[in-house]
Each structure stands twice: as C-alpha cells, then as structure tokens.
Number of protein chains: 2
Amino acid sequence: MVNESYHHENLKSELIKNGLKLLDEEGYENFSLRKVAKACGVSHTAPYRHFRNKDDLIIAITLKAEHRFNSSLQEAINSYPNDIKSQIKEMGYTYVKFFVENPEYLRLLFRSDLKKHLNNENCEILKDNVQPFGTFYNTIVRYQSENQSNDAGCITDLNALVLACWGLVHGIAVLISTKDFVYEGDYLELTRKILWSETFL
Amino acid sequence: MVNESYHHENLKSELIKNGLKLLDEEGYENFSLRKVAKACGVSHTAPYRHFRNKDDLIIAITLKAEHRFNSSLQEAINSYPNDIKSQIKEMGYTYVKFFVENPEYLRLLFRSDLKKHLNNENCEILKDNVQPFGTFYNTIVRYQSENQSNDAGCITDLNALVLACWGLVHGIAVLISTKDFVYEGDYLELTRKILWSETFL
DNA sequence: TTGTAATGTTGACATCGTAAACATTGTTGG
DNA sequence: CCAACAATGTTTACGATGTCAACATTACAA
C-alpha cells in the first residue's frame, strides 16, 4: 500500500525543532525521545534513523540553541560598532538577559557530561557550529590589545581576564535564573548597574 | 521467622549517604532510587518509607552537600580572622575549588526546578539547614559596612555588590568544572590571579 | 528493472519511578 | 502479658522510557 506520509522527508530537522520546543515547555527533566517522536507524528524508534541515541539528539538541539544564543551576542556587539568597551558591557548584559528569559538553555549549553560525546565522529555536525564562547573570547582579546593595561593592578593575564569577564556574567545569569539569588527588585536593572560600574573594565 | 536485618534501623541516613556517593561516582544522570536501595541492601521500594519520592531523597542529599559546602566556606573565612577583604578572596577561591573538585555538586545545589518543592511541608528538614549563600551574603554585608565606598565608581548598591561577587566566583566555578573554559594551565592558579587582583574589591 | 541503501514500523526487553497489598518488628496501653 | 497499632520493609504490578532486532516501505542507482 502506498502511504503518502511514510517518508517524512526532513524528519531530522523536525525532531530538533520539536525537541527544542518540548524542552522549553516541559523542562529538561521531562524531555523524552518518545514524546518528541509523537510530536512529529512518527513511531517511537524513528529518531534512531537520524540520531544514535537520546544524547545525540540533545547535542543537536544544543547546537541549535547555541546558534540562537550566539546571534543574540553578535547583535549586542553590532549595536556599538566603534566602542569596544560598550560592546563588552552590552554583550554581558545580553548574555544574562538571554538565560534569564530562557532558563532551560542553561541546562542545555552547560552540561559537562555531554561534551565528551563531541568527539571526532561528531565533527561533521560541529563544522557549521558557531561558538558563542568564541565570540566572547575574541571580543575580550580585541579589548585587551587596544587597551594595553593602562591601569596598574588590573588583570593583565589574557586568560584570567577572559575567565573573569565570562565568569561574572555567567554566574549572574545562573544565580538569577535558578532563583538562588533572591531579590525583590528588577534583576536586569541590577545586572546593568554591575556591568556599567567603573569596577567592571 | 525472625530476621535479624529486617529492620535496618537508620536506613534514612544510610540512603542519603549512599545516594551522595552514587551521585559522585556515576553522575547525576545515572542516579536512580533502585540503585541507592540496592547499595543499602534493601528492597527497591524501601526508600518510600522515608521519602515521598525520588526528588525528596535528592533534596535531602542536597542539604547534606550544602552542609559540606558551607563548612568549606566557613573554614576559609576563619583562616583570616581580622582581614575581611582576605576573607572574601579566600572564600571565593574555596568556592571555586570546591566545585572544581566536586563537579556533580553543581547539578545538585543549583537546580531551579527542585527549589519549588521546598515548601512549607519540608520546613522541618530546612530547620537545621545551613545556607552557604547566607554565609556569602553576610560576609559581603560586613565588608561593605566597614568599607563605606571609599572609591568613587565602585559598586555601592549592596545587592549589586553581592550579585557581582557571588556571580563572579560561581561563574568561574561553572565554566571550569564544565570544561567550557579551556585552558592548558592551572585553573586554580588563574582563579587566584583574578581574586587577588586590585580589580576585585 | 532490479537490487540496495535510506527511512519508517512493530515488537520486545531491561530499567526506572511509583502505588497497592502484604509481612515483620517495635511499642504501648489495658 | 498481650493485643492493638504504628513503623518499617517486601512482593507484585503497572506505565513510561531508552534501546535493540526484525521487518516494511520507499528512493535511487547500476
């Protein structure tokens, strides 16, 4: 019998799209392969034709999420074409805002146990991958090269500077989005206050 | 028939202890109630006599982990009895070191979706709970009250200052322990460089 | 056209969280 | 002392899940 919908055609991208939506809606803990398959109107083992296992699909979803994240950061940078210091501040603010608005993405983008799966076999996937952290890194590098330690006492080691800047915004994002930092006011306003103070850069 | 080991006596604390060990050894994803039960030499539903469900046990384990964490922070503070600035730096360093050495604890102590379970019913558990974040907060408060914004441009808002300090060390801890920040040198040395620079406090 | 690779389905299995019914033990009031 | 009862542990069962093997359907290339 000829079934029109036997071949779903682009099931792979459909699984990624619906998977990301499912993660947003039901959270990381309630994410399951079978639900994603059902959302695509397909049998529960169909995903195995496109992904080796559950983690493989999650990695693919992660790459899509990373792409969105990177676009946000890039947009922030572009809004200050000539002022690198403002670029960094705005990028940091965007970094925090992104994860506050998409808390589930933190679970996705920062899972150490998934990183080890990204070995040689997955390099084809990684080829067209954008690294938001590379974006972050490069911006700091440009800042430092233009700003040859005119203050005494500031952080001169490049790696230390990157870790400090990146760590600061990442930590703020985590503490707010996990609700560990309790505050009755506006979180993003507070974040702005930190990043635009003289202490930071 | 009289079975000597029918009553396990202190199964509850045994479950927490073995659960914490299991989390350390096999990671958060591979943690299961049945494995913990087996580790205690008990049937797979025995934990339900002491915990309402899996999350309840995880919360109990989390409280134990928080206690350990808080002890580390407290120890760091005590090592500089008279220098509050050094207290904060040392506490920050200990903060990072703790999570670098116990990466799984990050998944435990910072799960937003578990926090909502800590409602009124669990308050009995929370009574003897120590809040490492309270420890952090209080130290910053003491710092600011002794150090009434002698620098212009520094962060004067107390909440902003706490979020900045806490966020910085937390972010560093996360980025290192998830291996998102790649660096061929000594991570803790880099951390030390950041926290003891003039830029930080 | 025919065979083969790509893609989807069905059925099965082990593991898991959890609930219900039952068994054993410690405790307590008559 | 003993009978009721609460506390604690076991057995059994069910549905959800990840994954594998066997099979079905379709696309495509020799």
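Reminder, nothing fancy here: chain letters follow the sequence lines and each chain counts from 1. Note that this is a predicted model, so its numbers are computed, not measured.
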Q. Are OP1 or OP2 of C/dT10 and a side-chain N or O of A/S43 less than 4.0 angstrom apart?
A. no
Any side-chain N or O of A/T45 below 4.0 angstrom from OP1/OP2 of C/dT9? no
What is the separation between atom [atom1] on [X] and atom [atom2] on [N], rounded to the nearest whole Å?
X     : N      : atom1 : atom2 : value
A/I58 : D/dT17 : CD1   : P     : 14 Å
B/N30 : D/dT17 : CG    : P     : 18 Å
A/R49 : D/dA27 : CZ    : P     : 17 Å

Nearest-neighbour nucleotide for the [X] side chain, [options] considered:
X     : options                : value
B/K35 : C/dG8, C/dT18, C/dC16  : C/dC16
B/Y48 : C/dT18, D/dT19, D/dG9  : C/dT18
B/R34 : D/dG9, C/dG17, C/dG8   : C/dG17
B/K54 : C/dG11, C/dG17, D/dG9  : C/dG17
A/A46 : D/dG18, C/dG8, C/dA12  : C/dG8
B/S32 : D/dT19, C/dC16, D/dA13 : C/dC16

Is the CD atom of B/E75 crowded by more than 12 outside heavy atoms at less than 6.0 Å? no
Taking atom NZ of A/K17 as the centre, does the number of heavy atoms from other residues, nucleotides or ligands within less than 6.0 Å exceed 12?
no
Between [X] and [Y], how do the two ring planes meet: parallel, tilted or perpendicular, split at 30° and 60°?
X      : Y      : answer
B/F98  : B/F69  : tilted
B/Y183 : B/F181 : tilted
A/Y95  : A/F99  : perpendicular

How is B/K38 classified with respect to the nucleic acid when contacts are heavy atoms under 4.0 Å: base, sugar-phosphate, or nothing? nothing
Assign B/H50 to base, sugar-phosphate, or nothing according to its heavy-atom contacts below 4.0 angstrom with the strands shown. sugar-phosphate
One would report the end-axis bend of the helix from C/dT1-D/dA30 to C/dG30-D/dC1, five pairs per end and rounded to 10 degrees, as 10°
request  = May I ask you to decide whether B/E90 forms a salt bridge with B/K85, counting only side-chain N to carboxylate O separations under 4.0 Å?
outcome  = no
Report task. Flag this pair as yes if the NZ/CZ of A/K12 is under 6.0 angstrom from the six-membered ring centre of A/F51 and inside a 45 degree cone about the axis; otherwise no. Result -> yes
